[in-house]
2 protein chains.
Amino acid sequence: MEQASGDDPAEPGRSRPSEGGRRARRVTSIDVARRAGVSASAVSRAFTEGAYISRELKARVMAAARELDYEPNPLARGLITRRSGMVALLMDELSNPFYPEALQAFGSELHRRGKRVMLFAPAPGEPLEDVLPQALRYSVDGIVVASAHVTSALAEAARKAAAPVVLFNRMLEHGGLSAVTCDNHAAAELVARLLAEAGHRRPAFVAGLETASTSIHRERGFAAGLHQAGLGAPRRVSGGYTYQGGYAAALELCRGGETPDAIFVANDIMALGVVDALRRELGLDVPGDVSVVGFDDIPAASWPSYDLTTMRQPLRAMVSETVQLLEDQLESAYPKATTVTLPGRLIRRGSARLPPA
Amino acid sequence: MEQASGDDPAEPGRSRPSEGGRRARRVTSIDVARRAGVSASAVSRAFTEGAYISRELKARVMAAARELDYEPNPLARGLITRRSGMVALLMDELSNPFYPEALQAFGSELHRRGKRVMLFAPAPGEPLEDVLPQALRYSVDGIVVASAHVTSALAEAARKAAAPVVLFNRMLEHGGLSAVTCDNHAAAELVARLLAEAGHRRPAFVAGLETASTSIHRERGFAAGLHQAGLGAPRRVSGGYTYQGGYAAALELCRGGETPDAIFVANDIMALGVVDALRRELGLDVPGDVSVVGFDDIPAASWPSYDLTTMRQPLRAMVSETVQLLEDQLESAYPKATTVTLPGRLIRRGSARLPPA
DNA sequence: CTGAAAGCGCTAACAG
DNA sequence: CTGTTAGCGCTTTCAG
């Protein structure tokens, strides 16, 4: 009698007393099948997009499923389909507010598409390509890499594993990886022209991580824009993409020679450090003595204490493009690397003297 | 010879030409077993902590595994053990820098223990208890809830599912859930006493979310401390735990009556808004006209523009306690709810006049 | 269009 | 201590 067929697994109080009380038995596709009077395959088909199943049967299955509060187990499904419904996110700069924002955006975007986020936040030292196999073990549907430390080793590992990888907010010249970035060159070029037009003559650049494509492209674009305006190459210092680095960079820039009258900083978090160093430690006026322009438009950029003029990255668009690229790669058998470049938008605030819009 | 036994699956160039080139065949426990000349169970045992297996056999298996670059598939393993090695993290306040920091910390702590983070960042509207079943479908080893929106509905759902849940940086009075928090009451009490001792007579409190335990306890502790010092209840305004909310709260506090001479703010991100409103919009001096004390010690608190005196939460300790509680719950068949409370530490900076330490 | 049977990769009894 | 046998929950040929 204990084994009477057709017993409802959702029914309470039927668990074996010896079970320990933990981990209620899960409702499976077989439970649903029994209830709907069909086979397990039918249940599977009902839950598979575009599977051959009659309208009527599907409805019956779905009804039973609803009653039992059933949904397919993604792990079991993933074992055979090799897709777990999870997307791995590699991020190692959570201390830059741009990334938590991106994380949030990825969360909702993926959730909308029925997927989940598996986060990999490797410690500073750990090589990214070590993370890749770990992610793959979980049969993730794809991998988004948002770390400044992408190397060709990673690209190579991705290629060998034939894993769908998309770089977010960075790119790799010859790695053969898809990527989504802002048009860093054009954006930086515009900043340079505007700064020059406003009469600045001693521009400087604060770089981020020397190997980061974002920093490199922003620097090149900035130099190109200055050149067009008839100005020479800017002085440059590196700030490692951190607040402290920006702070130190500003000091070095001002103490190590002629004080610049404009500083273009490769990202906002560093720019905040630059502004603080300029004002609090050097007693300079921003933008009176020196104009500061950042990149990203993180929330703090709009705070009155900073009121930072900055190049906004189209975050939501970048995120949804990234996810789309991932899906495209999953569809195609031999996907080719695609790079999507989205325009930035200048947000004029009070930290820089700029010509009227 | 194409089918010679013992062929190495990791060997390149052997994939069937018709395969499409995607998704290289994975190396399984059977591959390792064959190579080591043992059974699949032996491989399983070799990779299972404390399983009955001889030293010698284990060594042999591990050697073969290493050569093949094998590690067990956590999804397949999870199907039977009901543990996937993933821990779900529910966080919906990523815009408060305290949480990205916590996220990072959870990432390393869990990584250290061989687990992965599955992030759930529900949109503002979405009820938390809806997220629970989603997480459980993935056979997560546990769930860390770091959302201010914990309700008894969540607790109830967790109880019914018998899921290991630990609340991080919040608690629920009668929910029966384990939790890790800072000693909010004691910390706030200390702030009150110190502020009073320094001569402040018109204290105010900026609350976070009205339903958040952190905000409630900090408010109670603050009131208690003021009472001990012979002061009345503080004026209070709510700031919703956001920068903008803190900004608005400060304005309300100062325009809606007598300007306070000290403001204790339930968290740092709001405190930054308070400081900005005070200085930039009201032209007040901090701490000359009004002292401001925050809570958390987020990175921005130490920036020269704010130099915020604040109560630091012992983040790393809180995180590791949380993970430990989760593990304890997994071990025990009938775990009982445990609350761990860690002391905060006052970080004296320049935003408040306080008696010397 | 539907069901039966096989199997994804692994672990957990169960014998030996 | 080790191998053999089932089976986690699902999808997928393969017949019908």
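Within every chain, numbering begins at 1; the chains are lettered A, B, ... in the order of the sequence lines, protein sequences first and strands thereafter.
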Walk me through whether A/Arg170 and A/Glu93 qualify under salt bridge (Lys or Arg N to Asp or Glu O under 4.0 Å).
CA-CA 13 Å; A/Arg170 56 239 330 125; A/Glu93 285 172 278; 3.8 Å; yes
B/Val166 and B/Val145: side-chain contact (heavy atoms from CB on, under 4.5 Å), yes or no, with the steps?
CA-CA 6 Å; B/Val166 178; B/Val145 179; over 6 Å; no
Before giving the answer on side-chain contact (heavy atoms from CB on, under 4.5 Å), spell out for A/Leu119 and B/Met118 the whole-Å C-alpha distance, their side-chain angles and the decisive distance to 0.1 Å.
CA-CA 6 Å; A/Leu119 181 69; B/Met118 189 157 186; over 6 Å; no
Could you give me the CA-CA distance, side-chain angles and deciding distance for B/Ile143 and B/Leu90, then say whether side-chain contact (heavy atoms from CB on, under 4.5 Å) is met?
CA-CA 7 Å; B/Ile143 303 178; B/Leu90 307 205; 4.2 Å; yes
I'd like to know whether B/Leu167 forms a side-chain contact (heavy atoms from CB on, under 4.5 Å) with B/Val180, so could you lay out the CA-CA distance, the side-chain angles of the two residues, the decisive distance to 0.1 Å, and finally the verdict.
CA-CA 6 Å; B/Leu167 304 181; B/Val180 175; over 6 Å; no
Dot-bracket encoding per residue of DNA chain D, Watson-Crick/G-U cut-off under 3.5 Å, | denoting interstrand:
||||.|||||||||||
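In this entry the distance linking OH of A/Tyr138 with P of C/dC10 reads 13 Å, nearest Å. Regarding B/Arg34, its CZ atom lies at a distance of 12 Å from the P atom of C/dG9, rounded to whole Å. Counting to the nearest Å, the P atom of D/dC8 and the CD1 atom of A/Ile80 are 15 Å from each other. As rounded to whole Å, 11 Å separates atom C1' of D/dC8 from atom CG of A/Leu75. The CD1-P distance, from A/Ile30 to C/dG3, rounds to 13 Å in whole Å. Whole-Å rounding puts the A/Arg77 CZ to D/dT11 C1' distance at 9 Å. Here D/dG9 presents its P atom at 14 Å from CG of A/Leu68, a figure rounded to the nearest Å. Taking atom CD of B/Glu71 as the reference point, atom C1' of C/dC10 lies 14 Å away to the nearest angstrom.
Checked by atom type, the side-chain pair A/Arg159/A/Ser152 shows no donor-acceptor distance below 3.5 Å. A donor atom on one side chain and an acceptor atom on the other are not found under 3.5 Å apart for A/Asp130 and A/Gln134. Counting only N and O atoms by type, the side chains of A/Tyr99 and A/Asp92 include no donor and acceptor under 3.5 Å apart. Between the side chains of A/Ser139 and A/Arg77, no donor-acceptor pair is found at a separation under 3.5 Å.
Between A/Ala42 and B/Leu79, the one whose closest nucleotide on DNA chain D sits nearer the 5' end is B/Leu79.
Comparing the P positions of C/dA6 and D/dT5 gives a spacing of 16 Å, expressed to the nearest Å.
Between B/Arg82 and the phosphate of D/dG9, there is a side-chain N or O to OP1/OP2 separation shorter than 4.0 Å. For B/Thr81, no side-chain nitrogen or oxygen approaches OP1 or OP2 of C/dT11 to under 4.0 Å. The phosphate of D/dT4 (OP1 or OP2) has no side-chain N or O of B/Ser39 nearer than 4.0 angstrom. Side-chain nitrogen and oxygen atoms of A/Ser44 include at least one within less than 4.0 Å of the OP1 or OP2 phosphate oxygen of D/dT11.
A/Tyr70 comes within 4.0 angstrom of sugar-phosphate atoms only, judged by non-hydrogen atoms across all strands, and of no base. Nucleic acid contact for B/Val38: sugar-phosphate only, since backbone atoms but no base atoms lie under 4.0 Å from a heavy atom of the residue.
With a 6.0 Å radius and a threshold of 12 heavy atoms from other residues, nucleotides or ligands, B/Glu331 has its CD atom above the threshold.
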Protein and nucleotides 13-16 of chain D: nitrogen or oxygen contacts under 3.5 angstrom:
none

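Remark: A/Tyr52, A/Ile53, A/Ser54, A/Leu57 in residues 48-63 of chain A come within less than 4.0 Å of DNA chain C through at least one heavy atom.
For the atom pair CZ (B/Phe47) and CD1 (B/Ile53), the distance works out to 10.0 Å, reported to the nearest 0.5 Å.
When distances run from any side-chain atom of A/Ala76 to the nucleotides D/dT11, C/dC10, D/dG9, the shortest one goes to D/dG9.
In summary, of the residues considered (B/Lys115, B/Arg113, B/Arg116), a side-chain hydrogen bond (donor to acceptor under 3.5 Å, both in side chains) with B/Asp141 occurs for B/Lys115 alone.
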